[in-house]
Protein chains: 2
Amino acid sequence: MNTLSYGLLSLLSKDSRTGYELMQHIQPFWPAKHSQIYPLLAQLEQKGYVEFVHVIQSDKPDKKVYSLTEAGLKALQEWIGLPTDPPVTRDEFALKIYCIGLVNKEEALSMLVERASYYKGKKERFMESFEKVKRQSEKPLEELEFHDPMFANYVLVKKAMLKVDADLHWCEWMRSKLKS
Amino acid sequence: MNTLSYGLLSLLSKDSRTGYELMQHIQPFWPAKHSQIYPLLAQLEQKGYVEFVHVIQSDKPDKKVYSLTEAGLKALQEWIGLPTDPPVTRDEFALKIYCIGLVNKEEALSMLVERASYYKGKKERFMESFEKVKRQSEKPLEELEFHDPMFANYVLVKKAMLKVDADLHWCEWMRSKLKS
DNA sequence: ATGACATATGTCAATTATGACATAACAAGG
DNA sequence: CCTTGTTATGTCATAATTGACATATGTCAT
């Protein structure tokens, strides 16, 4: 059982979902392609941690809706108690910045503009998620309690926003550095 | 040629370094073990992008000091102009937070305290790097110019600090949420 | 002295992750 | 009508990454 498998169980602990949906929703925390997800779901099903029902759709292709089993919940709870690996970030842009002096200022500036716009797009999507959480929640977000199912959504979007703000802030700071 | 290979060239564009040193210094941008670095260096040498000299040491094991060649510099410059992959972060802790409601508040709080202390340690190390850059630089850091070899060190430490501050800020905010 | 740790390089099996291929049904736009 | 995009599931070869094993020297603490 690798981390991604536990991640899938984690998502399934809130809602039953298809492999396709799991693939989409796990991206912010643990990027993975469907070609990695589907085999892991089959494994989890064999272990009895998840189960699925075929759902026939007329407008779209049929799907398998997965749910967490009792055994899956138990496995998930044990995993939470285990030591947590530190986050891993691999950033090609930072590697390029390390030797940015090799190109001229104009090229460097255009790279930064592009990266800033990438982060702006990300921020926009996070703001949309934030609004979505706000709409779905009955209470004002600040009053959400620990055990409320919306609590995690709220705090994780907050986390994502803080990080993307830091990235954007650095980009803008760099741009002002390069313009002078 | 994968991203890590170009990353190694990037580091070598500033200083000649051993595989061991490259492994240590590339961690913040692109975590990798020595077992991945050494074979890539051999590949890069075969391609003529780097060269090395054996250095015999009496106090420590002998080492190979790698340098960037002209061909390596050319390859590096071409890579900088190519489109840059977005950063990838995999965060087990975030996956656990998603289903944090499964455990009690006390356990959640202790997980956050631990994660906060992890980030504090990271921040301390970044602050040391910052001080080191400050000492090595002749000019005040804010006055460092684009082509100064210290410029990249300065802006990358700044980047790391901003991100770790965001992480720490979120941890403390979460702690206050859980205590109430 | 004995074990642990840092330096230093290397190989190799196993795991993790990606990209390509494959199929299929419907929607939307040109 | 045709291409492109989304939904939906799956396999497989390849690539990237890790963890274990291997070796050697020196230091430092117990």
Side-chain angles (χ1 to χ4, degrees), chain A residues 1-8 11-12 16-47 50-66 83 85-92 95 125, chain B residues 1-8 11-12 15-46 50-66 83 85-92 95 125:
Chain A
M1 286 280 287
N2 57 24
T3 307
L4 178 54
S5 299
Y6 284 110
L8 296 172
L11 296 214
L12 289 175
S16 296
R17 289 187 185 282
T18 67
Y20 190 80
E21 288 172 327
L22 286 167
M23 183 264 291
Q24 291 179 312
H25 288 95
I26 209 165
Q27 296 303 319
F29 318 120
W30 199 278
K33 317 283 176 189
H34 72 274
S35 52
Q36 201 182 3
I37 309 272
Y38 288 130
L40 288 181
L41 281 171
Q43 267 181 235
L44 289 170
E45 199 253 320
Q46 272 201 326
K47 290 201 171 93
V50 301
E51 54 192 13
F52 67 87
V53 283
H54 278 283
V55 174
I56 286 101
Q57 299 185 117
S58 52
D59 53 333
K60 294 178 211 169
D62 301 348
K63 60 186 180 182
K64 290 179 174 182
V65 177
Y66 286 87
D85 287 335
V88 167
T89 299
R90 290 202 168 84
D91 189 349
E92 187 175 25
L95 290 174
R125 285 191 293 281
Chain B
M1 287 280 288
N2 57 24
T3 306
L4 178 53
S5 299
Y6 285 109
L8 295 173
L11 295 213
L12 289 175
D15 292 296
S16 296
R17 289 187 186 283
T18 67
Y20 191 79
E21 287 172 327
L22 286 168
M23 184 264 291
Q24 291 179 314
H25 288 94
I26 210 165
Q27 296 305 318
F29 319 118
W30 199 279
K33 316 285 175 186
H34 73 274
S35 52
Q36 201 181 3
I37 309 272
Y38 289 130
L40 288 182
L41 281 171
Q43 266 180 237
L44 289 170
E45 200 253 318
Q46 271 202 327
V50 301
E51 54 193 11
F52 67 87
V53 283
H54 277 283
V55 174
I56 285 102
Q57 299 185 115
S58 51
D59 54 334
K60 294 178 210 170
D62 300 350
K63 60 187 181 182
K64 290 178 173 183
V65 177
Y66 286 87
D85 287 335
V88 167
T89 300
R90 292 202 166 83
D91 190 349
E92 186 175 27
L95 289 175
R125 285 190 293 280

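Proteins get letters first, then strands, A, B, ... in listed order; numbering begins at 1 in each.
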B/Q36 side chain near D/dA16 phosphate (N/O to OP1/OP2, under 4.0 Å): no

Under 4.0 angstrom between B/R90 side-chain N/O and C/dT16 OP1 or OP2: no

side-chain N/O B/Q57 vs C/dT7 OP1/OP2, d < 4.0 Å: no

First of A/L4 and B/D62 reached from the 5' end of DNA chain C, by closest nucleotide: B/D62

Heavy-atom closest contact (B/G19 atom, B/I37 atom, distance): O-CG2, 4.0 Å

Base partner of D/dA29, which must satisfy Watson-Crick or wobble distances under 3.5 Å: C/dT2

Closest-nucleotide 5' rank along DNA chain C - winner of A/W30 and A/S58: A/W30

Short side-chain N/O contact to D/dT7 OP1/OP2 from A/Q24, under 4.0 Å: yes

Separation of atom OH in B/Y20 from atom C1' in D/dA24, rounded to whole Å: 14 Å

B/K33 side-chain proximity, nearest of D/dT18, C/dT11, D/dT11: D/dT18

N/O (side chain, A/Y38) to phosphate O (OP1/OP2, D/dT9) under 4.0 Å: yes

Rounded interatomic separation in angstrom, taking CG from B/L22 and C1' from C/dT7: 15 Å

Length of the CG-C1' vector between A/L41 and D/dG10, whole Å: 12 Å

Euclidean distance, atom CD1 of residue A/I56 to atom C1' of C/dA25 [Å, nearest integer]: 14 Å

Quiz item: A/S35 side-chain donor-acceptor pair to C/dG19 base, under 3.5 Å: yes

